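Notes for the one structure printed next.
Chain naming here is simple, since letters A, B, ... match the order of the sequence lines and numbering starts at 1 in each. These numbers come from a predicted model, not from an experiment.
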Amino acid sequence: MIDLKLILQNTEEAQRKLSLRHEDYDLAKIRELAEKRVRIQTQLDQARSERNRISKEIGNLIRQGKTEDAERLKAEAGLIPSQMESLDQEFHQAESEINGLLLQIPNLPDQSVPVGASDQDNKVERVIGHPRSFSFKPKDHIELGESLGIMDFEAAARIAGARFSLLIGDGARLERSLINFMLNLHTRDHGYTEILPPFMGNPDTFLASGHLPKFEQELFKVQPFGWYLVPTAEVPLTNIYRDQIINDTDLPIKLCAYTPCFRSEASSYGKDIRGLIRLHLFDKVELYKFVAPDQSFQELEGLVKDAGKVLELLGLPYRVVSLCTADLGFSSAKTYDLEVWLPGQNCYREISSCSNCSDFQARRAGIRFKKSGRKGTELVHTLNGSGLAVGRTMVAILENFQEEDGTVRIPEALWDYMGKKEINPSKKL
RNA sequence: GGAGGAGUGGCCGAGUGGUUUAAGGCGACGGUCUUGAAAACCGUUGACCUCUUACGGGGUCCGCAGGUUCAAAUCCCGCCUCCUCCGCCA
């Protein structure tokens, strides 16, 4: 949620920043409702104050035994609740309308975000590593996976349907190895604490992270219970500290988590139908930070570095892209995508998305921190980033390290995890 | 699934309709003392909304949401969460 005060005090500025996202929002309407709410609240507070005063007096009279005077006052005070009732209704009406509108509004882009109209305007910040040149035509991961006998999309479709995967033997082992490798790296070398959260959550949880109410069609709902399956570990991790006040000495808090991710891909019809690129269920290791506001952009750079380290240790070429204003996610103030080189597709593909959500999620989730020796609390800033999408990492390994005969070399960083240095073509199950 | 019990401030905990303006303790912070620290003693110590240039004032918050009442942490209705026992179960 963006700050209502910002809308009230600087409507035009907020409107201008939102328009950079190429979406329209009626801030004037919110402003009008908010001003109305304050008027009503003032009246309501006065009525309550009067009621409290009289009630206290009645109490005093009763204690002094002056029951007749008390009865007279009771008759007088009896009129107040009915006056308050309609005000109270108006107040709640205005408040829920304001909230309903506010929950639909995305975060404001930071001023360092490139202004643009589509993903064409994203800015390449840097390129790390060099795409390998092949002496043969590189295969894509689907062909490789099936000839190696480590994937069976037909069986996956039989079990669940389109956009699911089934890994066999070294394929399954590679997925598991990657998860362990990533978690070990981030916990041992990068200082993150590992979390294994629930893979589903209640509606409040998804509201706090910004996935509800606007994006319900992207989620799988568990009926009849009302839970949703997590589309990313960002959702449960955000909510670890929902409605909590954190000591500033505990910041920054750095967490990482492996979870499966469940996405309906409702708005992706026709895109990446085959293979491991876009699935209803995939594995991801997520990085997450709760930080003090003045640290968040610096911490974002660190997050990108931590995610990039995975690719570097695996020897995969990639580039870092700063998303433009039109391509930013709903909760994000600034996002870097890491895009890995895929020879099979002859292009860079997103393998990590690292965002600074500033105070947007913290406000929805009520996550604040307290500076010792200072009055009051302040909202934390939250950051999240993939470290990395596991399936897409497997795609990148298969496609980048393939040989002409279909053999795939395993990156050295994974040798111990895999117990071997290459995967050779073998019979299908 | 059955039967009980419980949810109060950062934490523990008192409080069964009106001197509760939520006692007391712990923790934290400040001070006295001390070479320094500890101990002891003294003091301070919530969040949120709102009015005010300011000083300061008003309001809300005792799991959540309703209700009764002039007045609710306290009584009533519904819900949520946690705990204990029984049953079932990976």
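If you check B:C33 for Watson-Crick or wobble pairing at under 3.5 angstrom, you find it has no partner at all. Figure legend. B:G87 is base-paired to no nucleotide; pairs are counted as Watson-Crick or G-U wobble with both atom distances under 3.5 Å. Checking B:C48 for Watson-Crick or G-U wobble geometry (two distances, each under 3.5 Å) identifies B:G59 as its partner. Here B:U19 sits opposite no nucleotide as a Watson-Crick or G-U wobble pair (both hydrogen-bonding atom distances under 3.5 Å). Remark: B:A73 base-pairs with no nucleotide; criterion is Watson-Crick or G-U wobble with both hydrogen-bond distances under 3.5 Å. Across all strands shown, the partner of B:G78 is B:C64, judged by Watson-Crick or G-U wobble contacts whose two distances both fall under 3.5 Å.
Ionic pairing of A:K17 and A:E13 is present here: one or more N-O contacts between side-chain nitrogen and carboxylate oxygen are shorter than 4.0 angstrom. Here A:E216 pairs with A:K221 in a salt bridge; the nearest charged N to carboxylate O distance falls below 4.0 Å. Between A:K305 and A:E301, none of the side-chain N atoms (NZ, or NE/NH1/NH2) sits under 4.0 Å from a carboxylate O, so this pair counts as no salt bridge.
Nucleotide B:A47 holds its C1' atom 15 Å from the CG atom of A:N247, rounded to whole Å. The CZ atom of A:R53 sits 16 Å away from the C1' atom of B:G59 (whole-angstrom rounding). A:D243 places its CG atom 16 Å from the P atom of B:U81, with the value rounded to the nearest Å. Rounding to whole angstrom units, CG of residue A:D204 and P of B:U81 are separated by 12 Å. Here the C1' atom of nucleotide B:G59 and the CD atom of A:Q46 are 11 Å apart, to the nearest Å. The nearest whole Å value for the distance from the CE atom in A:M84 to the P atom in B:G66 is 13 Å. In this entry the distance linking CG of A:N60 with P of B:U21 reads 10 Å, nearest Å.
Between the P atoms of B:A3 and B:A90, the separation comes to 25 Å (whole Å). A distance of about 36 Å separates the P atoms of B:U81 and B:G25, rounded to the whole Å. Here the separation of B:C77 from B:A22, taken at their C1' atoms, is 26 Å to the nearest Å. Separation of the P atoms belonging to B:G1 and B:A14 is 32 Å when rounded to the nearest angstrom.
With sequence neighbours excluded, no residue forms a ring pair (Phe, Tyr, Trp, His ring centres under 6.0 Å) with A:F401. The side-chain hydrogen bond (donor to acceptor under 3.5 Å, both in side chains) search around A:E312 returns A:Y318, not counting sequence neighbours. Every residue meeting the ring pair (Phe, Tyr, Trp, His ring centres under 6.0 Å) condition with A:Y241, not counting sequence neighbours, appears here in chain and number order: A:F290. With sequence neighbours excluded, the residues that form a side-chain hydrogen bond (donor to acceptor under 3.5 Å, both in side chains) with A:Y25 are A:E23, A:K214. Here A:E286 pairs with A:K284 under the side-chain hydrogen bond (donor to acceptor under 3.5 Å, both in side chains) rule; sequence neighbours left out. By the ring pair (Phe, Tyr, Trp, His ring centres under 6.0 Å) test, A:F164 is found to be paired with A:H280, residues two or more places apart in sequence or in another chain being considered. Annotation: side-chain hydrogen bond (donor to acceptor under 3.5 Å, both in side chains) contacts of A:D88 (sequence neighbours excluded): none. In this structure, the ring pair (Phe, Tyr, Trp, His ring centres under 6.0 Å) partners of A:H186, at least two apart in sequence or on a different chain, are A:H190, A:Y192.
Annotation: side chain to side chain donor-acceptor pair (under 3.5 Å) contacts involving residues 168-180 of chain A, sequence neighbours excluded, comprise A:D170-A:K420.
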Polar-atom pairs under 3.5 Å, protein N or O versus N or O of nucleotides 7-14 of chain B: list them with distances, or write none.
none

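Between A:F206 and A:Y228, the two ring planes are tilted [angle within 30° to 60°].
Place A:E50 and A:H92 on RNA chain B by their nearest nucleotides, and A:E50 ends up nearer the 5' end.
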What string of B, S and - do you get for nucleotides 48-53 of chain B 5' to 3' if you count protein non-hydrogen atoms under 4.0 Å?
SBSS--
For nucleotides 69-77 of chain B, 5' to 3', base contacts (B), sugar-phosphate-only contacts (S) and non-contacts (-) with protein non-hydrogen atoms under 4.0 Å give -BS------
